[in-house]
Amino acid sequence: MAAVTLTLMGFFTFLILRVTAPQMVPLFTDLSIEDSSAIIKDLERQAITYEIKNDGAIVLVPKDRVARLRMKLAESGLPKGGGVGYEIFDKSDALGATSFIQNINHLRALEGELARTIRGIDRVQAARVHLVMPERPLFSRDKAEPSASIVLRVRGTLEPQQVRAMRHLIATAVNGLKPERVSVVDETGRLLADGAAQEAGIGIGADERKIAYERRLREQVELIVTSVVGPGRARVQLSADFDFNRITQTSDRYDPEGRVVRSSQTREEQSATNESKDGQVSVGNELPGTGQKEGAATRGDQNKKTEEIINYEISRTTKTEVIEAGRINRISAAVLVDGTYTKNDKGEVAYQPRAKEEIDRISALVRSAIGFDQKRGDQVEVVNLRFADSPAIPVAEPVGWMSMLQFTKDDIMHWAEIGVMSLLALIVLLLVVRPLVRRAIAPEGAAAGTLAAGGVIVGPDGTIIGATGVGGMPGQGGVNILGGANGSITSSGGPNVSIVGSDESIAISNRTSAMIDVAKVQGQVHAQSVQKVGELAEKNPHEAVSIIRTWLHESAA
């Protein structure tokens, strides 16, 4: 009882302390050793309870003080993020610092600020930036370009777009730095971006564009197909053929019907002459018999010349077309879908292929998802085959009132807590409260091992242990009946005779109520004792005769 009481007291004390303890939430996570040490020192100075986890990387404080503590620590410049930012100039002595020290401090501040910015990107746990800013020598025509390197500690794997974004972020923050001059390395030493080689206009970007396009289309097709056949029941492979040649075309087009008069010029010439034929020497005049008559008429010549020049402007169209790199020449998609699984009469899983109409509808969905173009030469193949690993047949979810029996983890924990508390309360009632109450209300005469009036032996908790014969006492020649009648009679303790049995018990245990009338109990015990003795005498006459003879000798003595 003492052990149970102490255990219960300890349990309830732990429970009360646990319930009343303040809820601890993270103040900061992913802290460096320097920041964690500074934050803990500040919390101890303010006498604020805290907890540390993950080797000091996480600091937990009471939930109701998180916001105020963050603002107060931010006022003190904590956490610093494992690097030095522009706050390096807050406490520096500008008058005694040389230009070299100022340049070094500026470089350190720039590196620290860039590292803090990069840590804000998803999946980046820690970052460190190194900048190389070469100075241009005097009287030198060549200028050395700056470069940078980034070392990252990431959670999982970074996407190529994230690495490219980091390079452009660093390049735009540093004057004269190009993205191609930035190297990125992770904590395992794997090179994520090479800053030594100059990238061509396309280069790695073309491969990244092709991979990203294929992944996007594949995800779209998988989303549509799995919504029809079920999750994990389809496999999609997609390939896109890109043309990364950059083409510039220039063409001139003339429209003969679209002419316009630009200029017109007309020139006319007209002349008239009167000539007489007299005195002219000709073959006709020299022929005999042909004489010229007097007064012959003269001949007049008229000349007229017209010249017209018209200049036309012909319609002309000049077209310059630039075809950028990254055109899609062809898309090929292969979709593999699984069949359906059902249970037969024997309870075995049976495979059934899908109908041709269903496969055709899935093919139509895939063509629409990828933008199928037959002229371009696109290909789509949807095949129904059985997968190597057969999925488990889902169990039908209960509906109606059976759905109310679906418990969550929180429900189970709640009912488990109620059950433990109820069990503990029952143990306390049975082992602590009940014995104390029975002892308090038990009669004073019923001491441990005392013989009550009428031969009834009453225990300390009110239990009737047994009964004796008339005028008999245990150990003083009386009959002590401890059991029932099983035919065995033994004697022990000198002249005492004990009738012991195991089938039926004469000892009546009254454990349900301690307030039963003692006289009534005694009468019942006497009646049962006389009945049992009679039955024993009838079943064992010889042993009964021996007992009576023993009594006669004892009384004669």
Side-chain angles (χ1 to χ4, degrees), residues 122-123 155-162 206-244 326-416:
D122 188 21
R123 298 183 185 178
R155 307 182 190 90
T157 304
L158 290 178
E159 298 291 338
Q161 296 84 353
Q162 293 177 313
D207 296 335
E208 292 178 355
R209 179 180 177 182
K210 181 177 183 295
I211 294 173
Y213 182 79
E214 292 177 350
R215 180 171 60 251
R216 182 173 60 85
L217 285 185
R218 184 169 57 252
E219 291 175 355
Q220 292 177 357
V221 174
E222 285 182 354
L223 181 62
I224 294 176
V225 177
T226 53
S227 63
V228 176
V229 302
R233 310 286 291 276
R235 302 291 184 271
V236 179
Q237 186 64 36
L238 191 141
S239 176
D241 183 15
F242 280 82
D243 183 7
F244 293 105
R327 293 175 300 166
I328 299 176
N329 293 332
R330 188 179 61 179
I331 298 177
S332 301
V335 181
L336 177 64
V337 296
D338 197 5
T340 58
Y341 295 86
T342 57
K343 286 188 177 181
N344 53 19
D345 299 337
K346 298 181 180 179
E348 298 176 352
V349 178
Y351 171 80
Q352 294 182 358
R354 298 185 181 273
K356 185 177 182 302
E357 294 78 7
E358 186 177 0
I359 299 299
D360 294 339
R361 288 196 294 267
I362 295 175
S363 301
L365 291 175
V366 174
R367 292 190 185 96
S368 300
I370 66 175
F372 182 81
D373 188 358
Q374 188 175 3
K375 297 180 180 179
R376 193 172 54 188
D378 295 348
Q379 294 181 355
V380 174
E381 293 290 339
V382 179
V383 181
N384 177 211
L385 293 176
R386 182 175 181 177
F387 286 4
D389 48 345
S390 301
I393 298 178
V395 181
E397 297 183 357
V399 295
W401 63 272
M402 289 295 294
S403 61
M404 300 177 62
L405 300 179
Q406 302 297 319
F407 299 108
T408 61
K409 182 178 179 181
D410 297 335
D411 296 335
I412 294 175
M413 293 300 297
H414 176 69
W415 288 108

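These values consider heavy atoms only, across backbone and side chains, with no hydrogens, waters or symmetry-generated copies. All values reported here derive from a predicted model rather than from experimental measurement.
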**Student:** Does some side-chain heavy atom of Val228 sit less than 4.5 Å from a side-chain heavy atom of Glu358?
**Tutor:** yes

**Student:** For a quick test of reading the model, state the closest non-hydrogen atom pair linking Glu214 to Ala240 and the distance between them.
**Tutor:** OE2-N, 3.0 Å

**Student:** Can you measure from CD1 (Ile328) to CG (Asp243) and round to the nearest 0.5 angstrom?
**Tutor:** 11.0 Å

**Student:** Given Val221, which partner from the list Ile362, Leu365, Val380, Val236 fulfils the side-chain contact (heavy atoms from CB on, under 4.5 Å) test?
**Tutor:** Val236

**Student:** Rounded to the nearest 0.5 Å, how far apart are CD of Gln374 and CD of Gln379?
**Tutor:** 11.0 Å

**Student:** Would you give the length of the straight line joining atom CD of Glu381 to atom CG of Leu336, rounded to the nearest 0.5 angstrom?
**Tutor:** 12.0 Å

**Student:** Could you state the interatomic distance from CZ (Arg218) to CD1 (Ile211), rounded to the nearest 0.5 Å?
**Tutor:** 9.5 Å

**Student:** Output the distance between atom NZ (Lys210) and atom CG (Asp241), rounded to the nearest 0.5 Å.
**Tutor:** 7.5 Å

**Student:** What is the minimum heavy-atom distance between Phe387 and Gly232, and which atoms define it?
**Tutor:** CE2-O, 3.8 Å

**Student:** How far does OG of Ser227 sit from CD of Glu222, to the nearest 0.5 angstrom?
**Tutor:** 11.5 Å

**Student:** Are the side chains of Thr226 and Arg233 in contact, using a 4.5 Å heavy-atom criterion?
**Tutor:** no

**Student:** Kindly give the heavy-atom pair with the smallest separation between Thr342 and Gln352, and that separation in Å.
**Tutor:** OG1-NE2, 3.7 Å

**Student:** Taking the side chain as every heavy atom from C-beta outward, state whether Arg123 and Glu159 have any atom pair closer than 4.5 Å.
**Tutor:** yes

**Student:** Taking all non-hydrogen atoms of both residues, which atom of Ile370 and which atom of Ala333 are closest, and how far apart?
**Tutor:** CD1-CB, 4.3 Å

**Student:** Quick one, Ile331 and Arg376 - any side-chain contact, counting heavy atoms below 4.5 Å?
**Tutor:** yes

**Student:** Do Leu385 and Asp338 touch side chain to side chain, with heavy atoms closer than 4.5 Å?
**Tutor:** no

